[in-house]
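When reading the values below, keep in mind they use all heavy atoms of this one structure, side chains included, and skip hydrogens, waters and symmetry mates. Since the structure is predicted, the reported quantities are computational estimates derived from the model, not experimental observations.
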Amino acid sequence: MTSFPDRAIAPLPPALSSMWRLCKLGYRHEPRLMVVAFVLSQLAALPDALLALWLMLLGKGLLEHRPGMVQGAAIGLGASAAATWFLRTVSTRMQRRFRDKVTIALESHVAQLQASVATIAHQERPEYLDRLSMLRNQVFVLDHMYMSLFSTLGWILRLGVTMTLLASIHPALMLLAVFAVPTVLTSTWRPEVERSAQERGAQSSRLARHLFTIATTAPPGKEVRVTGIGERLVTERRAAWEHWYGPVATSRWGSALWHALAWAIFGFAYVGAVVFVSSGLGAPASQVLLVLAAGARLSAYIGATVGEIGFLRGFWMDGSRRLAWLEDYAASVAAAGDLPVPTVLHRGVRLEHVSFAYPGTSRVVLDDVSVTLPAGAVVAIVGENGAGKTTLVKLLAKMYEPSSGSILADDTPLARLPASEWRECLAGAFQDFFRFEFRAGHTIGLGDVPRLDDEPAVMTAVDRAGAGDVVARLASGLDTQLGPTWPCGVELSFGQWQKLALARGFMRDQPLLLVLDEPTAALDAETEHALFERYAAAARDTGESDSGRITIIVSHRFSTVRMADLIVVLDGARLAEVGTHDELMAKGGQYSELYSIQAAAYR
């Protein structure tokens with residue numbers, strides 16, 4: 001069997017460029033608010049930084065008995081304090097308004113990126129899920145990065161003013177900034193170390209959340225109680241959490257020790273600066289007061305700057321890197337379709353030596369499959385569980401590209417068709433359908449969004465799916481809210497949900513490819529057989545061959561697909577047999593054998 005190499009996940013983009021991209025995204029959505037919030041945050045930093053200057057002038061005025069200087073310094077102190085409070089209040093409210101608006105834009109951006117990716121590999125590969133789960137945890141607070149960035153720049157502005165004041169006494173005092181470098185280095189290094197430890201344990205963290213969800217939510221509630229696994233879930237969740245937290249705690253302790261050492265270096269330098277000015281330079285008391293005040297402010301400013309940089313780098317910047325990675329990933333797998341999607345199929349869909357292994361694995365799920373699905377035909381794909389039936393459907397829907405070989409619609413390579421336009425020509429229902437808890441009409445109408453509120457179209461789809469009995473039992477018909485967690489919402493059985501999903505798949509009137517991937521698995525074999533036969537007959541009666549529509553029925557029940565024009569039998573990732581029911585029965589191969597076994601079970 002063919003094997004395929006694993007393509008490693010791309011590393012996260014650089015931090016600064018990612019943060020710049022996020023800033024541009026915020027500016028694109030809220031340019032005026034972002035500029036006003038930034039300017040106010042910097043203005044709010046200035047009065048606070050000037051307090052050391054006013055204290056020096058106040059001390060100098062007192063020592064030299066200069067009432068005018070004392071009054072001016074006192075007014076300056078009062079004005080700085082009032083301006084700091086006023087500007088911080090206005091700045092905070094403006095930043096909050098900016099955050100509220102940009103949050104919606106960021107959440108929409110992330111949702112749009114994930115939904116627009118042509119394939120679904122990022123939703124099925126564990127390493128992608130680990131990275132995306134951390135982004136999902138961060139996206140709702142990613143707007144804080146703007147505030148953290150504004151705050152960091154404000155602290156840097158305070159530092160600049162303070163260093164200027166110190167340099168006015170003696171240039172050597174600028175060396176205090178050099179002794180602060182270790183604290184800056186450790187503050188930028190610590191979050192990276194801790195974040196790496198968190199990412200290495202992301203799978204254990206996901207497992208802990210998954211076990212918590214199992215133990216605390218309604219869907220698994222009955223089985224949790226019947227099987228009595230509640231205590232086991234708690235124990236395993238604790239073990240998973242500790243498996244994640246152990247390395248994280250170790251990295252935090254190690255980085256904290258280095259950070260404390262860096263602060264000790266700065267502390268000795270600060271004490272030395274005070275001694276240098278008071279004893280070495282023999283400076284007047286007012287200048288010593290300035291060094292004490294500015295030095296104390298410098299220590300606070302460096303601490304705040306270092307802390308903000310660490311927080312910015314450790315959380316907000318990390319979120320921006322993951323967002324930038326998602327943007328790059330979405331762009332890298334964007335459909336590069338350069339050919340128009342056909343409006344009619346004349347010959348059908350052809351698979352030529354198609355092989356496929358899911359990204360991140362080497363196990364071949366489809367191996368050298370070559371078959372033609374004729375235009376206008378009802379095609380059944382059968383095989384035992386794990387034979388590759390659903391994978392083949394995913395390839396036809398361009399959820400993945402083949403690892404090797406090609407798929408052609410008539411003579412047009414599917415790889416050269418825009419994924420979104422090709423999917424507009426598809427319709428169908430799947431075994432692993434999603435329960436859209438909307439009004440019943442919208443739950444069905446989502447199958448063709450332009451006709452979401454077209455009640456006649458919705459009822460036509462309901463009739464096609466044989467779901468009339470489900471709608472008839474709903475208290476308000478199509479206006480009934482589904483899902484018991486919503487006001488006046490009703491719960492449906494699995495089979496009822498499946499019928500509505502089937503109706504959703506029948507919303508589009510003229511798809512080129514209609515896929516029914518075991519959509520009636522919850523129904524008994526006789527009901528499924530009757531439904532498929534009715535639909536196949538209706539498809540032929542409506543002249544489906546005019547548009548060349550291909551109807552694909554996927555089932556593991558051989559007895560329900562005998563009406564198909566062509567039956568494709570998959571076995572162990574390979575194409576075993578192709579033909580009509582009569583041809584395959586006459587051949588006496590695998591289909592004939594399995595059909596006979598299953599038919600005997602229903603006698």
Side-chain angles (χ1 to χ4, degrees), residues 1-7 117-129 333 335 348-373 377-409 413-415 417 419 422-423 425-434 498 501 505 511-521 550-558 560-561 564 566-578 590-591 594:
M1 294 178 69
T2 313
S3 63
F4 304 97
D6 179 16
R7 192 175 77 176
V117 174
T119 72
I120 57 174
H122 64 292
Q123 295 175 326
E124 296 187 342
R125 290 183 63 176
E127 62 270 35
Y128 282 69
L129 289 172
V333 297
V349 175
R350 190 167 72 254
L351 287 79
E352 295 183 344
H353 304 289
V354 170
S355 295
F356 179 75
Y358 281 99
T361 70
S362 58
R363 187 177 73 86
V364 178
V365 184
L366 290 174
D367 191 14
D368 196 28
V369 174
S370 295
V371 65
T372 297
L373 312 180
V378 176
V379 179
I381 302 177
V382 297
E384 297 183 309
N385 292 333
K389 304 184 297 297
T390 296
T391 299
L392 180 56
V393 168
K394 289 180 180 179
L395 295 182
L396 291 172
K398 283 181 69 69
M399 300 296 180
Y400 289 97
E401 296 294 337
S403 303
S404 64
S406 58
I407 303 176
L408 300 96
L414 217 60
L417 298 181
W422 171 248
R423 289 177 193 147
C425 298
L426 270 61
F430 304 90
Q431 182 179 8
D432 54 346
F433 62 88
F434 186 76
Q498 196 164 51
L512 291 181
L513 196 65
L514 176 65
V515 177
L516 304 176
D517 182 9
E518 303 209 42
T520 54
I550 301 173
T551 300
I552 297 179
I553 298 173
V554 179
S555 179
H556 65 279
R557 291 171 175 165
F558 288 64
T560 64
V561 296
L566 184 71
I567 298 174
V568 177
V569 184
L570 295 177
D571 179 40
R574 299 189 69 90
L575 180 64
E577 297 176 298
V578 179
Q590 183 182 24
Y591 176 85
L594 293 175

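Of the inter-residue distances, the one linking Ile381 atom CD1 with Ile567 atom CD1 reads 11.5 Å to the nearest 0.5 angstrom. To the nearest 0.5 angstrom, Ile553 atom CD1 is 8.5 Å from Leu514 atom CG. How far CG of Leu426 is from CD1 of Ile550: 10.0 Å, rounded to the nearest 0.5 Å. Between the CD atom of Gln498 and the CZ atom of Phe430 there is a distance of 13.0 Å, given to the nearest 0.5 Å.
Looking at Leu575 and Val569, their side chains never come closer than 4.5 Å, going by heavy atoms from C-beta outward. Looking at heavy atoms from C-beta onward, Asp517 lies out of side-chain contact with Lys389 at the 4.5 angstrom threshold.
Of the listed residues (Leu366, Leu395, Leu392, Leu414), just one forms a side chain to side chain contact (heavy atoms under 4.5 Å, CB included) with Leu351, and that residue is Leu392. Of the candidates Leu566, Val568, Leu513, Leu516, Ile552 forms a side chain to side chain contact (heavy atoms under 4.5 Å, CB included) with just one, namely Leu513.
Between Ala427 and Gly505, the shortest heavy-atom distance links the atoms CB-O, 3.4 Å. In this structure, Lys398 and Ala415 approach most closely via the heavy-atom pair NZ-CA, 3.7 Å. Ala564 approaches Ala380 most closely through the heavy-atom pair CB-CB, 3.7 Å.
Trp422 contributes a side-chain N or O that, together with a main-chain N or O of Leu396, makes up a donor-acceptor pair within less than 3.5 Å. Under a 3.5 Å cut-off, the side chain of Arg574 and the backbone N or O of Asp368 do not form any donor-acceptor pair. Judged purely by atom type and a 3.5 angstrom limit, Thr372 has no side-chain atom pairing as donor or acceptor with the backbone of Arg350.
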- Task: Report the C-alpha distance between Tyr400 and Thr391 in whole Å, list the side-chain angles of each, state the deciding distance to 0.1 Å, and finish with yes or no for side chain to side chain donor-acceptor pair (under 3.5 Å).
- Result: CA-CA 9 Å; Tyr400 289 97; Thr391 299; over 6 Å; no
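A search for side-chain contact (heavy atoms from CB on, under 4.5 Å) contacts involving Ser406 returns Glu352, Leu408, not counting sequence neighbours. Looking at residues two or more places apart in sequence or on another chain, you find no side chain to side chain donor-acceptor pair (under 3.5 Å) involving Glu577.
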